[in-house]
Asker: 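Encoded as structure tokens, here's the structure I'll be asking about.
Excluded from the calculations below are hydrogen atoms, water molecules and symmetry mates; all remaining heavy atoms, backbone and side chain alike, are included. In this chain, residues are counted from 1 in sequence order.
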Amino acid sequence: MMCQRPLLRWRSQVYQVRRWMTLVGGLLVWSAPSAETLDGQVDPPVKLTLQDDPAFQPQKYAKNVQEDPECNRDPLWGPFRQVLMAAEPENIIELAYEKTIEWGLENATIVDEQAKICIIGLITLQFLFARFLLTEVNSVEAAAHSFRLMDSQTGALHPDVFDKASGYGKIWPITADEVDSLRRGILKSSVGGGSGGPDRRRRFKNAFGLHDGDWNEVWGSWRPQGKPVDTVGPKGFGAAQAGAPKPSFRVYVYDPDEHPSLRKLARGAAFCKHNQWGMEVALHDWFLSCPCRTDNPDEADFFFVPHYTACLINHADTFTGCDTKQLCGPSTELFEQVLNNSRHYKRTDGGRDHLFVWGSGMGAEGAFASWRQWVPNAVFLMTETELWNPFDKVALPSFSPHKDIVVPGRITVEDMISLGKLARPLEERDFLGHFIGWPRPPHPSAMSKESCKDASCALNVRSVLLALKGNDSEMHVDVDVPYMESFLGLTSSLFCFVPRGKSAWSSRFFQTYFAGCIPVLLNDRYEPPFGEIVDIPSSTIKWPMTEVPALVSYLRTLRDEQPEIVYELQRAGQELKCWYAWPSSWVEWSWIELNRSRFNSTCSAWHVKNAYVAVTRLLAAKATSSRHRFYYPGASPEVLERPGALPL
């Protein structure tokens with residue numbers, strides 16, 4: 001499921017309710033207030049649509065960013081910018097610190113207000129201070145704290161909008177690439193544990209809050225023949241320090257600072273981490289801060305290629321001529337350039353030790369149309385197991401169950417917490433079933449769009465569900481409503497339908513668990529994530545997608561005659577839901593929610609029971625010492641990179 005997003009947005013509380021919610025005629029309606037007419041009659045409330053949701057409303061700072069990026073309209077920021085741009089490099093940090101204290105920019109409320117006036121100026125101050133703390137003071141924790149303060153503001157701007165507003169460093173001394181580079185530097189420096197080294201202070205936890213005891217559990221969860229976790233020796237092991245638990249594998253992370261083509265594919269981390277495809281950023285952050293990371297490619301078991309193309313392509317202006325309706329030539333060319341210039345890629349057949357994350361229904365095809373020629377053997381960490389409707393000529397999924405890992409979409413910490421708070425006990429839920437979404441035909445390879453346009457076609461399962469509206473009072477089904485109504489339906493229904501949409505996967509599947517609803521998959525070819533380590537059938541119903549009428553009867557029977565099964569399905573879902581969580585790192589503002597233990601009631605063991613750990617466990621089984629095409633004592637790099645005689 002994908003939808004076009006504005007290039008300017010504010011994400012501090014995506015689903016903050018600022019309108020009236022009423023319960024009308026047994027159906028939840030999120031509505032505007034009623035209006036009294038001249039004759040004293042009250043008009044019925046106006047039903048709002050998705051476009052009325054706060055997430056889609058213009059933000060107060062947007063006009064200033066577009067019309068006055070220099071902030072000359074403001075008596076404080078305009079003159080300050082001129083002084084800042086004229087300052088000598090050695091005086092910049094002192095000037096930034098002075099204004100931070102003078103204007104009270106350590107107060108979150110003041111920061112939010114100033115962001116509406118001069119968001120780029122505010123980000124610049126915080127960026128300069130964070131960079132100083134990392135590179136001059138060598139305090140990673142302090143740098144992370146300062147960077148975290150600017151996370152919400154930076155994440156409100158698409159990287160192209162950001163650079164235009166900063167004049168590519170000429171209006172304000174900052175660029176989107178510099179922000180991304182600093183973020184990576186803080187995450188790489190966060191690896192903790194062990195006894196520390198002579199050149200740096202020992203850190204107890206890394207950017208995701210894991211200490212040696214946690215890592216011992218992570219690495220110990222998968223060991224050949226049940227061997228205990230080894231301890232890293234004095235020479236270290238990747239980024240793991242002496243005395244730390246020894247990682248099961250080592251991964252080299254391609255650095256966008258060293259690959260200009262990759263820099264264009266991995267832009268705007270703070271902007272791209274918010275949506276359902278945010279795991280592309282999240283997994284990049286994870287491997288940067290993991291003790292399994294190595295900066296020596298010759299000792300790596302895997303090579304992680306970071307990119308945020310699901311996000312960037314979804315915003316149609318990022319790559320010329322590209323959106324979600326066709327394969328993207330410019331991004332494909334950039335991927336080819338990265339691999340063509342990489343000696344690491346040339347050592348294996350078809351990139352078998354390379355890792356890519358594909359976070360949307362487009363799979364690998366949308367961003368890397370030629371992947372079958374370049375990396376047919378690479379390991380894909382991906383949400384999609386099937387096909388993307390707009391790509392009507394692509395009839396073969398890019399997912400392979402034998403080599404790839406299915407991952408969940410990213411749900412924000414705020415949404416996971418909010419769904420849990422809204423969730424009603426099963427016995428108090430008003431609806432048997434819930435679905436809100438747009439009607440979608442199947443992929444053209446299954447049936448033509450013209451032949452399957454409405455509920456008369458069983459393969460158009462969404463239309464079949466929507467046809468229940470008004471015909472079954474126990475079904476909460478609708479189309480084109482604000483997000484909040486969907487949230488209320490999730491938390492007020494026993495069963496939540498997850499039908500096929502533009503593709504197989506949907507973030508609604510993962511939301512159902514946190515809402516305490518029992519997911520009902522209506523997609524014959526979708527494979528939920530992490531079935532290797534959790535028991536999916538214990539918590540989920542997967543029903544033939546063309547048999548919805550029989551399904552409704554079956555669900556009623558379960559509720560009325562076998563309620564103990566319903567309770568057990570929900571209990572199992574609550575047990576496994578946290579494996580589908582992507583907790584924030586300490587460079588994100590939502591880290592505060594984790595650090596204040598507000599997430600503990602949702603996921604008490606979130607440090608070691610989450611999607612990152614699941615991916616890490618599954619990758620461990622794929623590491624092999626015999627992956628290189630050639631290996632023998634004394635071989636030169638040129639020999640090792642020589643192509644094989646046989647075609648792939």
Side-chain angles (χ1 to χ4, degrees), residues 11-12 77 80-81 84-85 87 89-108 110-112 114-115 118-157 159 162-163 165-166 168-169 171-192 200-201 203 205-209 255-257 263 266-274 281-282 284-285 288-289 584-592 594-595:
R11 304 290 301 187
S12 56
W77 286 103
F80 168 70
R81 185 192 69 82
L84 182 66
M85 294 302 292
E90 62 270 18
N91 297 329
I92 285 180
I93 187 60
E94 182 177 348
L95 182 61
Y97 179 73
E98 174 188 324
K99 293 304 178 184
T100 297
I101 300 302
E102 179 184 339
W103 295 345
L105 297 180
E106 293 180 319
N107 182 298
I110 295 177
V111 166
D112 286 345
Q114 290 299 313
C118 189
I119 191 171
I120 295 294
L122 180 66
I123 294 170
T124 300
L125 282 183
Q126 295 163 329
F127 166 78
L128 292 172
F129 202 48
R131 185 175 65 181
F132 171 77
L133 291 169
L134 179 67
T135 60
E136 301 296 331
V137 181
N138 294 319
S139 176
V140 182
E141 290 86 349
H145 173 74
S146 185
F147 194 94
R148 184 164 59 242
L149 291 175
M150 67 186 232
D151 175 64
S152 293
Q153 290 82 27
T154 309
L157 303 174
F162 188 102
D163 279 339
S166 72
Y168 299 89
I171 294 177
W172 292 95
I174 189 173
T175 65
D177 287 347
E178 288 176 325
V179 174
D180 284 333
S181 183
L182 178 60
R183 178 194 181 95
R184 293 191 293 268
I186 294 173
L187 291 166
K188 289 177 68 174
S189 300
S190 79
V191 179
R200 65 180 202 146
R201 178 168 62 87
R203 273 176 289 281
K205 297 181 179 181
N206 81 332
F208 286 86
D255 190 347
D257 287 337
R263 197 178 307 140
R267 302 184 68 226
F271 178 80
C272 287
K273 67 179 170 59
H274 288 295
V281 177
H284 186 194
D285 293 352
L288 286 174
S289 59
S584 312
S585 75
W586 65 358
V587 296
E588 299 179 46
W589 179 252
S590 53
W591 170 259
I592 300 297
L594 302 177
N595 206 37

Asker: Distance from K273 atom NZ to S590 atom OG, nearest 0.5 Å?
Answerer: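 Interatomic distance, K273 NZ to S590 OG, rounded to 0.5 Å: 6.0 Å.
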Asker: Using atom types as modelled and distance alone, determine if a side-chain donor or acceptor of D180 lies under 3.5 Å from a backbone N or O of G268.
Answerer: yes
Asker: Would you give the length of the straight line joining atom CG of L187 to atom CH2 of W586, rounded to the nearest 0.5 angstrom?
Answerer: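 With rounding to 0.5 Å, CG (L187) is 8.5 Å from CH2 (W586).
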Asker: Within a strict 4.5 Å, meaning less than it, do heavy atoms of the T124 and R81 side chains meet?
Answerer: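 No. Closest side-chain heavy atoms not under 4.5 Å.
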Asker: Is there a side-chain contact between V281 and E588, using heavy atoms and a 4.5 Å cut-off?
Answerer: no
Asker: Please say which of D177, I119, I123 ends up in a side-chain contact (heavy atoms from CB on, under 4.5 Å) with F162.
Answerer: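 Filter result, single survivor: I123.
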Asker: Of all heavy-atom pairs between P173 and M85, which one has the smallest distance, and what is that distance?
Answerer: CD-SD, 3.3 Å
Asker: Taking the side chain as every heavy atom from C-beta outward, state whether R183 and D285 have any atom pair closer than 4.5 Å.
Answerer: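 Side chain of R183 against side chain of D285, heavy atoms only: contact under 4.5 Å found.
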Asker: Measure across D257 and S181 and return the closest heavy-atom pair with its distance rounded to 0.1 Å.
Answerer: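 Looks like OD2-OG, 2.7 Å.
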Asker: Flag the pair E136 / I93 as yes when at least one side-chain heavy-atom distance between them is below 4.5 Å, and no otherwise.
Answerer: no
Asker: Would you compute the distance between atom OG of S166 and atom CD of E178 and round it to the nearest 0.5 angstrom?
Answerer: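 Spacing of OG (S166) from CD (E178) equals 8.5 Å.
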Asker: For A130 and A143, which heavy atoms make the closest approach, and how far apart are they?
Answerer: O-CB, 3.6 Å
Asker: W591 versus D151: any side-chain heavy-atom pair under 4.5 Å?
Answerer: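 A side-chain contact is absent here, since even the closest heavy-atom pair is not under 4.5 Å.
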Asker: Would you check if the side chain of T100 reaches a backbone N or O of A96 as a donor-acceptor pair within less than 3.5 Å?
Answerer: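 Side chain of T100 to backbone of A96: a pair is present.
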Asker: Are Y97 and L125 close enough that some pair of their side-chain heavy atoms sits under 4.5 Å apart?
Answerer: no
Asker: Is the shortest side-chain heavy-atom distance between I120 and Q153 below 4.5 Å?
Answerer: no
Asker: Is the shortest heavy-atom distance from the side chain of L95 to the side chain of F80 under 4.5 Å?
Answerer: yes
Asker: Identify the two heavy atoms, one from F271 and one from P159, that lie closest to each other, and give their separation to 0.1 Å.
Answerer: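 Closest approach of F271 to P159, heavy atoms only: CD2-CD, 4.2 Å.
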Asker: Carefully, step by step, assess E106 and I101 under the rule side chain to side chain contact (heavy atoms under 4.5 Å, CB included).
Answerer: CA-CA 7 Å; E106 293 180 319; I101 300 302; 3.9 Å; yes
Asker: What is the ring orientation for F129 with F132, classed by angle as parallel under 30°, tilted 30 to 60°, or perpendicular over 60°?
Answerer: parallel
Asker: Mind checking the OG-CG spacing from S189 to L134? Nearest 0.5 Å is all I need.
Answerer: 5.0 Å
Asker: Could you tell me whether W172 and F127 have their ring centroids closer than 6.0 angstrom?
Answerer: no
Asker: Look up atom CG in L105 and atom CD in Q126, then write down how far apart they are to the nearest 0.5 Å.
Answerer: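 Going from the CG atom of L105 to the CD atom of Q126 covers 7.0 Å.
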Asker: For W77 and Q114, run side chain to side chain donor-acceptor pair (under 3.5 Å): C-alpha distance rounded to whole Å, both residues' side-chain angles, the deciding distance at 0.1 Å, then the answer.
Answerer: CA-CA 10 Å; W77 286 103; Q114 290 299 313; 2.6 Å; yes
Asker: Could you tell me the separation between the OG atom of S289 and the NE2 atom of H284, rounded to the nearest 0.5 Å?
Answerer: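 NE2 of H284 is found 10.0 Å from OG of S289.
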Asker: For a quick test of reading the model, state the closest non-hydrogen atom pair linking A176 to D163 and the distance between them.
Answerer: N-OD1, 2.8 Å
